[in-house]
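In what follows, every heavy atom counts, from backbone to side chain, and hydrogens, waters and symmetry copies are set aside.
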Amino acid sequence: MKAHHLNCGTMRPFGGKLVTGRGSYLATAELVCHVLLLETDDGLVLVDTGLGLGDVRRPGDTLARWWRLMSRPVLDEAETASRQVEALGYAASDVRDVVLTHLDLDHGGGLRDFPEARVHVSAEELAAATRPDKSGNDRVRYPDNQWRHGPKWVPHEATGETWFGFAGVREVRPDVLLVPLFGHTHGHTGVAVRVGDRWLLHAGDSYFFHGEMAPERHCPPALTFMQERMQVLPELRLANQGRLRELVRDHGGEVDVFSAHDATELRRHRTALA
Ligand SMILES: [Zn+2]
């Protein structure tokens with residue numbers, strides 16, 4: 001198994017230091033959509049999809065206006081997973097499985113570009129995202145237009161094995177696990193991938209800033225605000241974040257934990273591969 005760390009959606013929100021913890025307050029910040037592309041003996045696997053071609057070409061169809069104003073996505077077609085898969089010499093149809101941390105618009109945007117893939121997601125998340133009577137935040141975060149084509153959903157219940165103390169873990173493919181980390185959304189999960197003798201854990205939006213995994217625990221105020229605004233189960237979210245901190249503290253040598261939107265973490269992984 002080989003893992004590529006991709007950025008499938010740069011965002012440049014205003015707020016500088018309030019977002020990144022560094023530099024001036026007037027600068028624009030940089031956030032990413034950290035996506036894994038796995039090359040396996042049995043085709044390609046994507047962990048999250050970031051923004052897709054449809055989002056970039058017709059953002060008004062899927063990306064709510066206030067989200068665009070707040071996040072300021074760059075909307076560059078070259079950053080989409082499908083273009084990056086092609087740049088590596090593959091076709092979109094080589095992606096057999098997509099494994100999602102959750103269905104927020106900046107994670108499932110690329111689903112339409114891989115219509116033949118099985119889409120693994122927690123049953124709770126699929127139910128929350130596709131219910132017909134969504135309201136408030138849910139209407140913005142879960143745009144129906146990202147899955148009108150009818151993805152090959154494979155919902156997974158949170159019952160199964162234990163992995164480093166995390167319960168209800170499901171193996172969706174060999175060496176690819178769905179790890180329940182509910183809180184940010186109803187069915188938010190991490191995705192663990194075994195590469196050689198180590199694990200990668202894509203923790204999705206369980207936390208937004210690398211400093212939140214440090215023992216002293218630091219997060220710039222704008223990112224704290226965003227996390228609190230988007231959470232649906234606050235106590236569970238914070239409890240899961242605490243368990244991730246313990247995982248990093250106790251098993252940092254075996255498991256490499258990273259989140260979806262932190263540009264520093266993405267750079268760290270790309271440098272390690274280079
Ligand atoms: Zn997100």
Side-chain angles (χ1 to χ4, degrees), residues 19 21 31 33-34 36 47-48 99-108 120-129 131 134 136-138 140-142 155-172 176-194 198-262 264-265:
V19 182
L31 300 175
C33 292
H34 195 149
L36 285 178
V47 179
D48 272 359
V99 189
L100 294 173
T101 60
H102 62 304
L103 274 162
D104 270 354
L105 53 86
D106 49 341
H107 297 257
H120 304 270
V121 63
S122 82
E124 289 84 352
E125 185 68 6
L126 183 60
R131 54 187 283 185
K134 293 189 290 264
N137 261 355
D138 282 359
V140 171
R141 77 192 313 173
Y142 296 135
H156 295 273
E157 302 288 341
T159 55
E161 305 301 311
T162 301
W163 178 82
F164 290 101
F166 291 83
V169 174
R170 298 293 291 260
E171 188 171 54
V172 301
V176 181
L177 315 177
L178 220 47
V179 182
L181 294 170
F182 295 178
H184 174 69
T185 63
H186 285 283
H188 181 280
T189 64
V191 180
V193 180
R194 194 208 305 263
R198 287 173 59 86
W199 289 93
L200 293 170
L201 177 62
H202 190 319
D205 288 3
S206 300
Y207 67 98
F208 276 19
F209 186 70
H210 55 277
E212 291 179 279
M213 287 298 104
E216 64 276 17
R217 214 176 138 185
H218 163 66
C219 186
L223 293 182
T224 299
F225 171 79
M226 289 267 293
Q227 294 187 76
E228 290 176 356
R229 191 181 185 310
M230 297 309 288
Q231 68 191 354
V232 298
L233 304 163
E235 286 172 20
L236 203 49
R237 180 180 75 82
L238 290 174
N240 280 327
Q241 204 180 78
R243 293 161 74 212
L244 288 173
R245 234 178 336 268
E246 287 169 20
L247 179 69
V248 171
R249 184 192 66 199
D250 299 339
H251 298 284
E254 299 150 86
V255 187
D256 212 334
V257 180
F258 60 90
S259 61
H261 300 303
D262 188 303
T264 303
E265 288 181 335

How many angstroms lie between atom [atom1] of [X] and atom [atom2] of [Y], to the nearest 0.5 angstrom?
X: Arg217; Y: Glu212; atom1: CZ; atom2: CD; result: 8.0 Å
X: His261; Y: Leu223; atom1: NE2; atom2: CG; result: 10.0 Å
X: Leu103; Y: His188; atom1: CG; atom2: NE2; result: 11.0 Å
X: Asp138; Y: His186; atom1: CG; atom2: NE2; result: 6.0 Å
X: Leu181; Y: Arg243; atom1: CG; atom2: CZ; result: 7.0 Å
X: Asp250; Y: Phe164; atom1: CG; atom2: CZ; result: 10.5 Å

Check whether the side chains of [X] and [Y] place a donor and an acceptor atom closer than 3.5 Å, and report yes or no.
X: Asp48; Y: Thr101; result: yes
X: Thr189; Y: Glu125; result: no
X: His34; Y: Asp262; result: no

Check: [Y] and [X] side chains under 4.5 Å, non-hydrogen atoms:
X: Val169; Y: Pro180; result: yes
X: Arg141; Y: Asp106; result: no
X: Trp163; Y: Val255; result: yes
X: Leu244; Y: Leu201; result: yes

Problem - Donor-acceptor contact present, side-chain Arg245 to main-chain Pro215, <3.5 Å - result: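 Side chain of Arg245 to backbone of Pro215: no pair is present.
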
Exercise for the section: Mark yes or no for whether Asn240, through its side chain, and Phe182, through its backbone, hold a donor-acceptor pair below 3.5 Å. Expected result: yes

Would you name the heavy atoms of [X] and [Y] that are closest together and state the gap between them?
X: Tyr142; Y: Lys134; answer: O-CE, 3.4 Å
X: Arg237; Y: Ser206; answer: NH1-O, 4.4 Å
X: Leu178; Y: Ser122; answer: CD2-N, 4.1 Å
X: Gln227; Y: Tyr207; answer: OE1-CA, 3.4 Å
X: Leu233; Y: Thr185; answer: CD1-O, 4.4 Å
X: His202; Y: Gly204; answer: ND1-N, 3.0 Å

Handout entry: Parallel, tilted or perpendicular, as decided by the 30° and 60° cut-offs, for the rings of His102 and His107
Key =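 If you compare the ring of His107 with that of His102, the planes turn out tilted.
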
Problem - More than 12 heavy atoms of other groups within 6.0 Å of Glu161 CD - result: no

Practice task
Determine whether more than 12 heavy atoms belonging to other residues, nucleotides or ligands lie under 6.0 Å from atom CZ of Arg249.
Solution key: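 Counting neighbours around CZ of Arg249, more than 12 heavy atoms of other residues, nucleotides or ligands fall under 6.0 Å, so yes.
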
